> 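What follows is a structure written as structure tokens; I'll ask about it next.
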Amino acid sequence: MRHNKSFNHLGRQAGHRDAMLSNMATSLILHKRIQTTVAKAKALKMYVEPLITKSKVDSTHSRRVVFSYLQNKESVAELFRDVAVKVGNRPGGYTRILKTGTRVGDSAEMCIIELVDYNTNYTQSSDESAKKTSTRRRRSSAKKTDNAVVADAVEVKDEPAAETSAEEPKAE
């Protein structure tokens, strides 16, 4: 029976599952993005987000608690040094899961799990969309049409003057 089953066991025994999630969390922290299956990514998200929350408070106790999960000095140092600084003001939701389709061999659903603040494509596109929304106003488009009308009027005024000057040499 599955009464009160709170997490996915991923078809592994507890020791294997803990080691796998620890290794995946270390890879995610060091590389900022990894490719895996959707089920493993969801389990990893539940595993790594509390560790990132702990890393916001840089104390000896929190470092030891995080090290007991990750078992890797480099990833703990990276987490407290770089990742915690970037996510310091974020209240949660440190990871993003992007589904990429199915794996060729066994049709498993694949995805990319990444740290949110390290993907520059999303931050750049949100900045560009903010700029686009500020320029798409009726008032500015009306000004553009007024400028275009004025520019056309200037060209029309210039053209007859050019024609008369072209005709004068012929008359002489």
Side-chain angles (χ1 to χ4, degrees), residues 2-141:
R2 62 158 309 277
H3 294 302
N4 203 15
K5 178 184 171 192
S6 60
F7 62 93
N8 191 349
H9 295 286
L10 300 172
R12 289 161 174 82
Q13 293 180 353
H16 184 190
R17 187 173 52 251
D18 290 340
M20 181 190 65
L21 289 174
S22 174
N23 290 335
M24 289 176 68
T26 297
S27 296
L28 179 65
I29 290 167
L30 292 178
H31 301 294
K32 312 303 186 258
R33 169 188 298 189
I34 59 173
Q35 184 175 5
T36 183
T37 62
V38 173
K40 287 180 187 175
K42 288 179 180 178
L44 179 62
K45 187 173 190 171
M46 288 175 37
Y47 186 86
V48 78
E49 289 204 2
L51 298 180
I52 296 173
T53 302
K54 280 235 183 263
S55 72
K56 288 182 179 183
V57 178
D58 191 6
S59 66
T60 305
H61 175 68
S62 59
R63 281 182 179 264
R64 286 179 177 171
V65 168
V66 170
F67 181 76
S68 71
Y69 283 92
L70 295 180
Q71 298 292 320
N72 188 336
K73 289 181 184 179
E74 291 82 16
S75 63
V76 172
E78 177 83 11
L79 179 64
F80 279 87
R81 184 180 56 238
D82 296 333
V83 177
V85 172
K86 276 208 169 190
V87 300
N89 58 354
R90 183 179 289 274
Y94 310 113
T95 58
R96 176 186 298 126
I97 295 175
L98 302 169
K99 294 183 180 179
T100 59
T102 58
R103 187 163 47 197
V104 176
D106 59 353
S107 290
E109 291 185 43
M110 298 299 290
C111 69
I112 294 173
I113 183 168
E114 63 185 5
L115 295 175
V116 172
D117 294 323
Y118 284 92
N119 190 342
T120 57
N121 294 334
Y122 283 104
T123 56
Q124 288 175 355
S125 64
S126 64
D127 293 341
E128 291 172 2
S129 64
K131 291 178 183 178
K132 288 181 182 177
T133 56
S134 64
T135 59
R136 295 182 70 190
R137 294 182 183 158
R138 289 180 183 257
R139 178 173 237 137
S140 63
S141 63

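Just so you know, residue 1 is the first one in the sequence shown, and it goes up from there. Note that the structure is predicted; figures quoted are calculated from it, not measured.
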> Mark yes or no for whether Arg103, through its side chain, and Ala108, through its backbone, hold a donor-acceptor pair below 3.5 Å.
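Checking the backbone N and O of Ala108 against the side chain of Arg103, no donor-acceptor pair under 3.5 Å is found.
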> Return yes if a side-chain donor-acceptor contact under 3.5 Å exists between Thr95 and Glu114, otherwise no.
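Per modelled atom types, Thr95 and Glu114 side chains form no pair under 3.5 Å.
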> Check the pair Ile113 / Val48 against side-chain contact (heavy atoms from CB on, under 4.5 Å), numbers first and verdict last.
CA-CA 11 Å; Ile113 183 168; Val48 78; 5.7 Å; no
> Is atom NE2 of His61 surrounded by more than 12 heavy atoms (other residues, nucleotides or ligands) closer than 6.0 Å?
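No, the 6.0 Å shell around NE2 holds no more than 12 heavy atoms from other groups.
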> Could you point out which residue of Leu28, Val83, Thr26 forms a side-chain contact (heavy atoms from CB on, under 4.5 Å) with Ser75?
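Of Leu28, Val83, Thr26, side-chain contact (heavy atoms from CB on, under 4.5 Å) with Ser75 is met by Thr26 alone.
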> Ignoring hydrogens and geometry, is there a side-chain-to-backbone donor-acceptor pair from Lys56 to Arg90 under 3.5 Å?
yes
> Between Arg12 (side chain only) and Leu10 (backbone N and O only), is there a donor and an acceptor less than 3.5 Å apart?
yes
> Give me the atom names and distance for the closest heavy-atom approach of Pro50 to Lys45.
CD-O, 4.4 Å
> Any side-chain heavy atom of Tyr118 sitting closer than 4.5 Å to one from Asp82?
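Touching, per the 4.5 Å side-chain cut-off.
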> Do Ile112 and Ile34 come close enough that some side-chain heavy atom pair is under 4.5 Å?
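When only atoms from C-beta onward are counted, Ile34 and Ile112 do not touch, as no gap falls below 4.5 Å.
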> What heavy-atom pair brings Ser22 and Gln71 nearest, and what distance separates the two atoms?
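That closest heavy-atom pairing would be OG-N, 4.5 Å.
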> Determine the minimum heavy-atom distance between Val38 and Met110, stating which atoms define it.
CG2-O, 4.0 Å
> Do Thr100 and Gln35 pass the side-chain contact (heavy atoms from CB on, under 4.5 Å) test, and can you show the C-alpha distance, the side-chain angles, and the key distance before you say yes or no?
CA-CA 9 Å; Thr100 59; Gln35 184 175 5; 4.2 Å; yes
> Can you check whether Leu115 reaches Arg33 side chain to side chain, under 4.5 Å on heavy atoms?
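Not in contact.
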> Do the non-hydrogen side-chain atoms of Cys111 and Leu98 ever get within less than 4.5 Å of each other?
no
> Would you say CZ of Phe80 has more than 12 non-hydrogen atoms from neighbouring residues, nucleotides or ligands within 6.0 angstrom?
yes
> Heavy-atom count around Lys42 NZ within 6.0 Å, excluding the residue itself: above 12?
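Not more than 12 within 6.0 Å, no.
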> Which pair of non-hydrogen atoms, one from Val116 and one from Gly93, has the smallest distance, and what is that distance?
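Closest pair (atom of Val116, atom of Gly93, distance): CG2-O, 3.6 Å.
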> How far does NZ of Lys54 sit from CZ of Arg64, to the nearest 0.5 angstrom?
14.0 Å
> Tell me if a side-chain donor or acceptor on Asn23 pairs with a main-chain N or O of Ala19 at a distance below 3.5 Å.
yes
> Does the pair Lys40/Glu109 count as a salt bridge with the N-to-O cut at 4.0 Å?
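A salt bridge is absent here (no side-chain N lies under 4.0 Å from a carboxylate O).
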> Do you know the tightest heavy-atom contact between Tyr94 and Glu49?
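Taking every non-hydrogen atom into account, N-OE2, 3.4 Å.
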> Using side-chain heavy atoms (C-beta onward) and a distance below 4.5 Å, is Ile29 in contact with Val76?
no
> Which atom names give the shortest non-hydrogen contact between Tyr47 and Leu21, and what distance separates them?
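So the two residues come closest at CE2-O, 3.7 Å.
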> Is it true that atom NZ of Lys86 has more than 12 heavy atoms of other residues, nucleotides or ligands lying nearer than 6.0 Å?
yes
